[in-house]
Amino acid sequence: MILRLSEAQKSLLIADAVRRRPLEACGLILGQDGKAEEIILLPNAAVDARSSFAIAPEDLTRSFFQAKRAKLGLIGIYHSHPFNDPIPSPTDVRNAFYPDCVHLIVGFRNNTPMMAAWEIVYGEVSRVKLIIGDQAAEVDAEPLSNRGKTIILISAFCAFLFVIIVALSLLPPAPPIPGR
C-alpha cells in the first residue's frame with residue numbers, strides 16, 4: 001500500500017493539526033489508486049477530543065456523497081496526535097473500521113510535526129509508504145523507537161484480546177452431556 005500526497009495537501013494537514021491543538025484533528029482523504037485528490041477536514045465529534053477522534057455519522061455520510069459525486073473513493077483517514085508520535089494508539093487500532101484505507105497520523109512529539117501512514121487491518125498494524133510531491137522521495141518519520149514498537153505491540157495485543165473476548169461471548173452455551 002502507498003499513499004501519495006501533494007506538498008499542498010501535506011501543508012494543509014499539518015496546518016489543520018496545528019490550528020486545532022490541543023485537540024485532535026481529523027478528516028478524510030479521497031482519491032484513487034493511493035493518490036490523494038481531495039482532503040476533507042471534519043470536526044472532531046469525540047467526547048474527549050484531546051485524546052481521541054470521531055467523525056459524526058452525518059459528516060461521514062455527506063463526505064461519502066461528495067466522494068461519489070467526484071468519482072473518488074475513500075483512500076485514507078487522517079487524524080493528529082497533538083503531543084505524541086504519529087503511531088496508532090490502542091484506541092486507533094480498536095476503532096479502525098475501514099481496513100481498505102490508509103490511516104495517516106500527524107504527530108507532534110517535541111512540538112515538531114511528523115507524518116506517518118499506517119494500514120490497520122483487524123488489529124494488525126503495518127507501515128505504509130508515504131510519498132509527498134511529484135518526486136518519488138519517501139517521507140518517513142524518524143525510525144521507530146523501542147517505545148514506539150512497544151506501543152504498537154501493546155495495541156495489537158489489546159485488539160487481539162478484544163476480538164477473542166467478543167468471539168467467546170458470542171459462542172452458544174454448551175449442549176448438555178447425555179447421561180448426566
Side-chain angles (χ1 to χ4, degrees), residues 1-21 23-42 44 46 51-55 60 63-64 67 70 72-156 158-159:
M1 219 177 222
I2 293 176
L3 179 62
R4 290 181 172 87
L5 297 174
S6 69
E7 286 288 344
Q9 291 166 332
K10 173 188 172 191
S11 296
L12 172 72
L13 292 172
I14 290 173
D16 182 53
V18 167
R19 180 181 59 81
R20 295 206 238 177
R21 282 179 83 187
L23 306 179
E24 288 196 12
C26 60
L28 302 178
I29 303 169
L30 306 179
Q32 294 178 356
D33 301 321
K35 184 176 185 294
E37 301 288 337
E38 189 172 340
I39 306 287
I40 302 174
L41 304 176
L42 295 169
N44 187 342
S51 62
S52 63
F53 80 98
I55 298 172
L60 199 55
S63 299
F64 285 153
L72 298 172
L74 175 65
I75 63 167
I77 296 173
Y78 139 77
H79 78 280
S80 65
H81 287 174
F83 302 103
N84 293 310
D85 290 315
I87 297 170
S89 68
T91 302
D92 296 336
V93 174
R94 189 174 49 253
N95 294 335
F97 299 120
Y98 295 92
D100 294 332
C101 70
V102 173
H103 296 266
L104 179 70
I105 302 174
V106 177
F108 289 92
R109 185 175 53 118
N110 300 327
N111 290 323
T112 303
M114 296 182 294
M115 287 182 133
W118 305 90
E119 180 180 32
I120 305 173
V121 180
Y122 307 115
E124 294 202 23
V125 179
S126 57
R127 196 70 176 262
V128 171
K129 185 174 182 179
L130 178 60
I131 298 173
I132 306 294
D134 294 331
Q135 315 89 348
E138 182 176 339
V139 173
D140 206 4
E142 58 189 58
L144 287 177
S145 63
N146 285 340
R147 178 178 172 256
K149 291 175 186 175
T150 303
I151 289 170
I152 290 174
L153 286 173
I154 290 170
S155 299
C158 289

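With hydrogens and angles ignored, the 3.5 Å screen pairs no side-chain donor or acceptor of S80 with any backbone N or O of A17. With hydrogens and angles disregarded, a donor-acceptor distance shorter than 3.5 Å links the side chain of Y78 to the backbone of L13. A donor-acceptor distance shorter than 3.5 angstrom exists from the side chain of W118 to the backbone of P86, with no hydrogens or angles considered. When atom types are taken as modelled, the side chain of R20 and the backbone of C26 share a donor-acceptor pair closer than 3.5 angstrom.
Residues meeting the side-chain hydrogen bond (donor to acceptor under 3.5 Å, both in side chains) test with Q9, sequence neighbours left out: S6. Listed by chain and number, the residues in a side-chain hydrogen bond (donor to acceptor under 3.5 Å, both in side chains) with S11 amount to none (sequence neighbours excluded). Remark: D100 pairs with no residue by the side-chain hydrogen bond (donor to acceptor under 3.5 Å, both in side chains) rule, at least two apart or across chains. Taking A15 as the reference, nothing meets the side chain to side chain contact (heavy atoms under 4.5 Å, CB included) condition, with sequence neighbours excluded. Every residue two or more places apart in sequence or in another chain that forms a side chain to side chain contact (heavy atoms under 4.5 Å, CB included) with F64 is listed here: L60, L74, Y98. Among residues two or more places apart in sequence or in another chain, the side-chain hydrogen bond (donor to acceptor under 3.5 Å, both in side chains) test is passed with R4 by none. Take L12 and apply the side chain to side chain contact (heavy atoms under 4.5 Å, CB included) test, not counting sequence neighbours, and it matches I39, L41. Under the side chain to side chain contact (heavy atoms under 4.5 Å, CB included) criterion, A54 pairs with A46, sequence neighbours left out.
The heavy-atom pair separating L5 from A36 by the smallest distance is CD2-CB, 3.5 Å. Between G123 and A159 the shortest heavy-atom distance is CA-CB, 3.7 Å. In this structure, G27 and I55 approach most closely via the heavy-atom pair O-CD1, 4.4 Å. Contact detail for P113 and F108: the closest heavy-atom pair is CB-CE2, 3.5 Å. The nearest pair of heavy atoms linking S63 to L28 is CB-CD1, 3.5 Å.
For the side chain to side chain contact (heavy atoms under 4.5 Å, CB included) with L3, the lone residue among I29, I132, I131 that qualifies is I29.
Taking the side chain as every heavy atom from C-beta outward, D85 and M114 approach each other to under 4.5 Å. Looking at heavy atoms from C-beta onward, N84 lies out of side-chain contact with R109 at the 4.5 angstrom threshold.
Within a 6.0 Å radius of CD in E124, no more than 12 heavy atoms belonging to other residues, nucleotides or ligands are found. The environment of CZ in R19 is crowded: more than 12 heavy-atom neighbours from other residues, nucleotides or ligands sit within 6.0 Å.
Residue pairs meeting the side chain to side chain donor-acceptor pair (under 3.5 Å) criterion with at least one member in residues 26-35, sequence neighbours excluded, do not occur.
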Tell me which donor-acceptor pairs under 3.5 Å the side chains of residues 87-97 have, and how far apart each pair is, sequence neighbours excluded?
| unit_1 | atom_1 | unit_2 | atom_2 | d |
| --- | --- | --- | --- | --- |
| S89 | OG | T91 | N | 3.4 |
| S89 | OG | D92 | N | 3.1 |
| S89 | OG | D92 | OD1 | 3.4 |
| S89 | OG | D92 | OD2 | 3.2 |
| T91 | OG1 | R94 | NH2 | 3.3 |
| D92 | OD1 | H79 | NE2 | 3.3 |
| D92 | OD2 | H79 | NE2 | 3.1 |
| D92 | OD2 | H81 | NE2 | 2.9 |
| D92 | OD2 | S89 | N | 3.0 |
| N95 | ND2 | T91 | O | 3.4 |

